Structure formats: C-alpha cells, structure tokens
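Below you'll find the structure, written out as structure tokens, and then a few comments.
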Amino acid sequence: MGLRAYPSGERVPGQRRQAPDAIVPFLPYCRQRLADDPHLWASTLFDEVTALGYQGAYSTFTRALRRYQVRPHCEPCHASTGRNVAVIAHPPGEEIQFDWLELPDAPEGWGVGEHAHLLDDRFQGIGWAHEMREPKVRL
C-alpha cells in the first residue's frame, strides 16, 4: 500500500492497520450452535470450530465471542446482573463444607435400616475428604 494510502484516506497516520479477525468466517456457525443450545460451553464450541479450520487461540476465541456478542441472551442466567452480591472470604483450613448423600437400599450388615446417610466433610484448601455414615457405624 505504501504512502499513497494516506492521501487517498485508506489509512490514517498514527493508526495501525487492523489485521483481519480469524473468527469472522466462523461467526455464522457459532451463532447457529449457540441459538440451538445457549448454554453450550465455549470450550466445546472452540473444539468444533478448530475442527472446521479455526487456528486462533482459545482466549482469542472467547474474547471474540464476547466482542461480537455471539451468545444469545438468557434471562435466567442474567437474573442476578446488577444486584448486590456478598463476597465471602474462604481462607484455606478455616472452614468446612458438609454435604449429605442418602444411599437407598443400604446393605443389611450396615445396621442402619433401609437408608444410609453419607456425611461428606470437605476441608477448604485441603485435597481430601472424610466420610462417615449415620448413625456412627464404621465399615
């Protein structure tokens, strides 16, 4: 292009030429897939467009999805947008999370009746869990 691009208005001094966006040829496909399934994971869609020939990075792909507003609006997903939320600190080792799981048809040898309950306590920041049944019967 050279210097002639400036007087003709094709280029503006001080502004870099924009490289073509690699996602543009795949936008119709992405829009259709997300119209079919608005909750489709970006990583799944990325795998699909990569198989179709997209050569960009995942981070570039997800940034382009946001920039071109490809994902359709989903009201249940945006229900909390604009509302105040509380951020709760979770320092490692200072709290514990308990989850219950009901196990129907427990083995008779457990001595807990028809249903056994599994208490799963996960210590935050520690990669292990300790399970016990209720009532306190060890296996």
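Quick caveat, the model's predicted, so the values are computed rather than measured.
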Give the minimum heavy-atom separation between [X] and [Y], together with the two atoms involved.
X: Ala116; Y: Val112; result: CB-CG2, 3.7 Å
X: Val49; Y: Phe26; result: O-CE2, 4.0 Å
X: Ala106; Y: Gly113; result: CB-O, 4.0 Å

Answer yes or no: are there more than 12 heavy-atom neighbours, outside Asp105 itself, under 6.0 Å from its atom CG?
-> no
In Å and rounded to the nearest 0.5 Å, what is the [atom1] to [atom2] distance from [X] to [Y]?
X: Ile23; Y: Arg67; atom1: CD1; atom2: CZ; value: 9.0 Å
X: Asp47; Y: Tyr58; atom1: CG; atom2: OH; value: 9.0 Å
X: Thr50; Y: Phe61; atom1: OG1; atom2: CZ; value: 7.5 Å
X: Leu65; Y: Thr60; atom1: CG; atom2: OG1; value: 11.0 Å

Residues in side chain to side chain contact (heavy atoms under 4.5 Å, CB included) with Glu102, at least two apart?
->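 Testing Glu102 for side chain to side chain contact (heavy atoms under 4.5 Å, CB included), a comparison that skips the adjacent residues, returns His115, His117.
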Does Arg71 reach the main-chain N or O of Pro38 with its side chain, forming a donor-acceptor pair under 3.5 Å?
-> yes
Taking distance alone, no hydrogens or angles, what donor-acceptor pairs closer than 3.5 Å link side-chain atoms of residues 39-46 to residues at least two apart or in another chain?
none

